[in-house]
Amino acid sequence: MIESFSELFLSRYNYWMAIILMLIGLYALIAKQNLVKKIIGLNIFQTAIFLFYISFAEVRGGTAPIYTAEGISALYVNPLPHVLILTAIVVGVSVTAVALSLIVRIYEEYGVIDEDELMQVVRKR
Amino acid sequence: MKVKALIAVLFIGIILFWAVEDMPAFGDPDAPATQYTGQLYVDAVLPDIGIDNIVTAILASYRGFDTLGEVVVIFTAGISVALLLRRGGRL
Amino acid sequence: MMENVVIRTVSRLAVPFIQIFALYVIVHGASGAGGGFQGGVVFAASFILMIIAFGTANVRRRIDNRGIMWLSVIGITIYAGIGFLALLMAGNFLEYAAIEAVLGIPHLHGILIDLVEAGIGIAVMAAMVSIIYDISGNGEESS
């Protein structure tokens, strides 16, 4: 159980920052009508997840996970989240590229990038 | 619409804020993820593979199949963008 | 494209250094901070700088869409080829230890990981440059 204010807020500030960033991205994803702004929201959301993973890999006083002269006895940060996020960043870039090119095609076809206007134009055809 | 979105986002936020107290503190050396799996990889890479960069060792050796899929994903993204935006001529 | 002497001169100076740094990052994947994904993306960044400074048509004259696609396929083939090489040496797919045991060369494991990283770097660089060409070029075909 959490006893004090500082234990909840100050020693876990990485989670608070990741959650706030994630909520900003989620809000942009839900509330914005412009499709490009939705993609920006998706990217902010992704960045929050990356920040969350990388911050819980941190060990106080640990070095980067590359063997130093001391070998396995030295203190390293957890390498596994770094690997997962390295691959997740690549997937994020791919998703962003495909989404942006889909938006370009939608704009060429219908002339709008606003979600509601797009639905109206689609229904009118 | 904006108010509904704000309510939904705040609801999710409250649930997540509630969950934070169960997480280990920032930089805690006794966190479960660091204690077991992370330490296992740090101990195993040097005798198993013998290269210095632990992240590369996991990426290319233990999770090599995953990384191959990753490269195929980005290749597929390149092909998809080419199919969507490039017209006339060959791929 | 707007003529801007400062941007063109600075990018002409910077691009070789960016590309050498990208190769350094790819080659140092096994022994230091680096790897195929990072180096490939840095290499693609040098292409973005060239496109901003000199225009898409000038960069495409150096390597066109077909060449970039071939590079991407070559990168994946290097990676998957090493995997099938391990199958050929009676191991599992991508089991580097099997290749090391059959060929009997010491430290082959690290060399194979470097080769795999080079394949990843080539594939990521080519895919990124292909995406940049398509998004920046208004969809025209130049090759």
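- In this structure, CD1 on B:Ile7 lies 11.5 Å from CD1 on A:Ile30, to the nearest 0.5 angstrom.
- Separating the OG atom in A:Ser94 from the CD atom in B:Glu70 is a distance of 8.0 Å, to the nearest 0.5 Å.
- When the candidates A:Thr87, A:Val98, A:Val91 are compared by the number of heavy-atom contacts under 4.5 Å with chain B, A:Thr87 comes out ahead.
- Neither the backbone nor the side chain of B:Tyr62 comes within less than 4.5 Å of any heavy atom in chain A.
- Across B:Asp66, B:Val42, B:Asp28, the residue that shares the most heavy-atom pairs under 4.5 angstrom with chain A is B:Val42.
- Neither the backbone nor the side chain of A:Leu10 has a heavy atom closer than 4.5 Å to any heavy atom of chain B.
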### Task
Verify side chain to side chain contact (heavy atoms under 4.5 Å, CB included) between B:Leu16 and A:Met22, making sure each step is shown before the conclusion.
CA-CA 10 Å; B:Leu16 287 173; A:Met22 201 197 98; 3.5 Å; yes
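- The candidate with the highest count of non-hydrogen atom pairs below 4.5 Å against chain B, out of A:Ala31, A:Pro79, A:Ala97, is A:Pro79.
- Of the residues considered (B:Ile12, B:Val55, B:Thr37), B:Val55 shows the highest number of contacts with chain A, using heavy-atom pairs under 4.5 Å.
- Most heavy-atom pairs under 4.5 Å with chain A: of the set B:Gly69, B:Ala31, B:Pro24, this distinction falls to B:Pro24.
- When A:Ile20, A:Val83, A:Leu100 are compared by the number of non-hydrogen pairs under 4.5 Å with chain B, A:Val83 comes out ahead.
- The closest side-chain heavy-atom distance from B:Val73 to A:Val90 is not below 4.5 Å.
- Contacts with chain A (heavy atom to heavy atom, under 4.5 Å) involve these residues of residues 44-54 of chain B, listed by number: B:Val45, B:Leu46, B:Ile51, B:Asp52, B:Asn53, B:Ile54.
- Residues A:Leu84 and B:Arg63 are in side-chain contact: their nearest non-hydrogen atoms beyond the backbone lie under 4.5 Å apart.
- Ranked by non-hydrogen atom pairs under 4.5 Å with chain B, the options A:Tyr67, A:Tyr13, A:Tyr76 are led by A:Tyr67.
- In this structure the side chain of A:Trp16 reaches within 4.5 angstrom of the side chain of B:Phe17, judged on heavy atoms.
- The local environment of OH in A:Tyr53 is sparse, with at most 12 non-hydrogen atoms from other residues, nucleotides or ligands closer than 6.0 Å.
- For chain A, the option among B:Ala57, B:Gly13, B:Ala25 with the highest count of heavy-atom pairs below 4.5 Å is B:Ala25.
- The contact between B:Ser80 and chain A is made entirely by side chain atoms (from C-beta outward), counting heavy-atom distances below 4.5 Å.
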